[in-house]
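Below is one structure, written out as structure tokens; the observations come after it.
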Protein chains: 2
Amino acid sequence: MKNLQIQIEISPELYTKKPDSSGLGREIISKSIELINEMGFEAFTFKKLGIAINSPESSIYRYFNNKQSLLIYLTSWYWTWTEYRLVFATTNVASPEERLNKCIEIITQPVEVDDDISYVNEILLSEIIFSESLKAYHTKNVAEKNKIGSFQAYKNVVQRISDIVMEINPLFEYPHMLISTIIEGAHQQKYFAEHLPALTDKIKDKNAITEFYKEMINQILNIK
Amino acid sequence: MKNLQIQIEISPELYTKKPDSSGLGREIISKSIELINEMGFEAFTFKKLGIAINSPESSIYRYFNNKQSLLIYLTSWYWTWTEYRLVFATTNVASPEERLNKCIEIITQPVEVDDDISYVNEILLSEIIFSESLKAYHTKNVAEKNKIGSFQAYKNVVQRISDIVMEINPLFEYPHMLISTIIEGAHQQKYFAEHLPALTDKIKDKNAITEFYKEMINQILNIK
DNA sequence: CAAATATAATAGTATTACTATCATTTATGC
DNA sequence: GCATAAATGATAGTAATACTATTATATTTG
């Protein structure tokens, strides 16, 4: 993926002014990723972001209506990019089992190298996805946000992996349930490991969570 | 459990004044359960609760510092009560496999009959747990809240079921990961079914989620 | 029935999450 | 290179939230 300079396209419904159309817009995105990481999504405000980028709050509001919209933009960016990663990792791989395993790796691990495809720090962004993304859809106005396509990129990822599951076992009845359980589970287990270790197990090596879910899906689909 | 009149004891760290020590306290609990259900946790405020029970905001603050503390109280109540339910459902059942299956049913399904053990509406409370409980621990101050035992009741439930898993398969390395994945997964799948159906599958009957996770755990632990 | 305790009534503050206005800077088309 | 449009900056203001404080009035309890 390195040096490919792909463009992540985000649906215009998800912003009021396109962030990558201006320097300010790009600063809003990249600084917000830093700040949300540092202080968590709740403590993050447009006022603080404004101070950090030396621009008034009101300028930020021209790009996003509120911080939830910004979070949805970030998650959409991440999932759209992750769909590219899935495609890259699985093209020309004949075995669906092998493709599935590759996908599980990608969705259960935070990003470790910045591919530098843009002004977005993918390492920090993936941290946000793991620890904060559920706040994008666990909200009063899910229905309304869903209607404008806020979660389409996430759905596409789930659908794409579910398709591989169906290729392996066409009779399996709950591919989406399985994949979304794994994605959300991996996010939460990482959070538990950091903050509530009694809810998870001693993590021997950093791939323990990935191995757990790989093993799980292989057992469920009878892959040896 | 009906008519047993058990007392759910909540650690004093989790409130500033004991809610079941007064009529007002009990009203705060039972009305907040109703209101959080109706409007969601974000829209819920102590001001609205005060209006609903005809008491000033400031009186509510004598029982709980803020609405997050109240939510933690409610989740602790639920998990303490659920631990009783687990014990009741599994005592005198010799087979650990059978006990495990009973536990999976209890943790993956919302409550359907109000056992009437108190002023708490358990049906509505379980709805809150399924849709809002992650907001109790997905917050800036997890560490601090964890230190005072805010999540002990939840941990006890996970531990108790993990013990059964270990009884069945003493070599299994990730019992807590497995159980917390199932609990959190069941909550989320129900939420997805209601709000983001593309992330889950057509639910044929209302036990589909329970059956999915039962099947999952049985496969993983090689129970036929 | 007195003293202690709990609750009600009311007011006030800092912060958040915006909206509005107008001046100034920057970009763009000719 | 200049006129015009568009974007941004500077500043102010508002309603709601999440509290804290104070004093009066009930209610409980010993």
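Values below: all heavy atoms of this structure, side chains included; hydrogens, waters and symmetry mates excluded. Lettering follows sequence order; numbering is per chain, from 1.
The nearest whole Å value for the distance from the CG atom in B:N141 to the P atom in D:dA18 is 14 Å. One atom, CG of A:D20, and another, P of D:dA7, lie 14 Å apart when rounded to the nearest Å. Computed from coordinates, the B:F64 CZ to D:dT20 C1' distance equals 19 Å when rounded to whole Å. Following rounding to the nearest Å, A:I60 (CD1) and D:dG9 (P) show an atom-to-atom distance of 9 Å. One interatomic measurement links the two molecules: NZ of A:K18 to P of D:dA7, which rounds to 14 Å at whole-angstrom precision. Put simply, CD1 on B:I51 is 13 Å from C1' on D:dT17, counting in whole angstrom units. In this structure, A:E57 atom CD and D:dA12 atom C1' are separated by 12 Å, rounded to whole Å. In this structure, A:K67 places its NZ atom 5 Å from P of C:dA17, rounding to the nearest Å.
Aromatic ring centres of A:F192 and B:Y137: separated by under 6.0 Å.
In this structure, B:S55 does not reach the C:dT7 phosphate: none of its side-chain N or O atoms is under 4.0 Å from OP1 or OP2. A close approach under 4.0 Å does occur between a side-chain nitrogen or oxygen of A:Y63 and OP1 or OP2 of D:dT8. B:K47 has no side-chain polar atom (N or O) that falls below the 4.0 Å cut-off from OP1 or OP2 of D:dA18. Residue B:S22 has a polar side-chain atom (N or O) positioned under 4.0 Å from OP1 or OP2 of C:dT7.
Annotation: side chain of A:I28 is in contact with side chain of A:F64 (closest heavy-atom distance under 4.5 Å). With contacts defined as side-chain heavy-atom distances shorter than 4.5 Å, the pair A:K155/B:L199 qualifies. Using a 4.5 Å cut-off on side-chain heavy atoms (C-beta onward), A:L70 and A:F41 make no contact.
Nearest to the side-chain atoms of B:T45 among the listed nucleotides C:dA9, C:dA17, D:dA18 stands D:dA18. Among C:dA6, C:dA9, C:dT16, the nucleotide with an atom closest to any side-chain atom of B:K17 is C:dA6.
Across all strands, A:Y61 comes closer than 4.0 Å to base atoms (heavy-atom distances).
B:E42 and B:K67 are not joined by a salt bridge, as no carboxylate oxygen comes within less than 4.0 angstrom of a charged side-chain nitrogen.
Nearest-nucleotide positions on DNA chain C for A:F46 and A:S58 put A:F46 closer to the 5' end.
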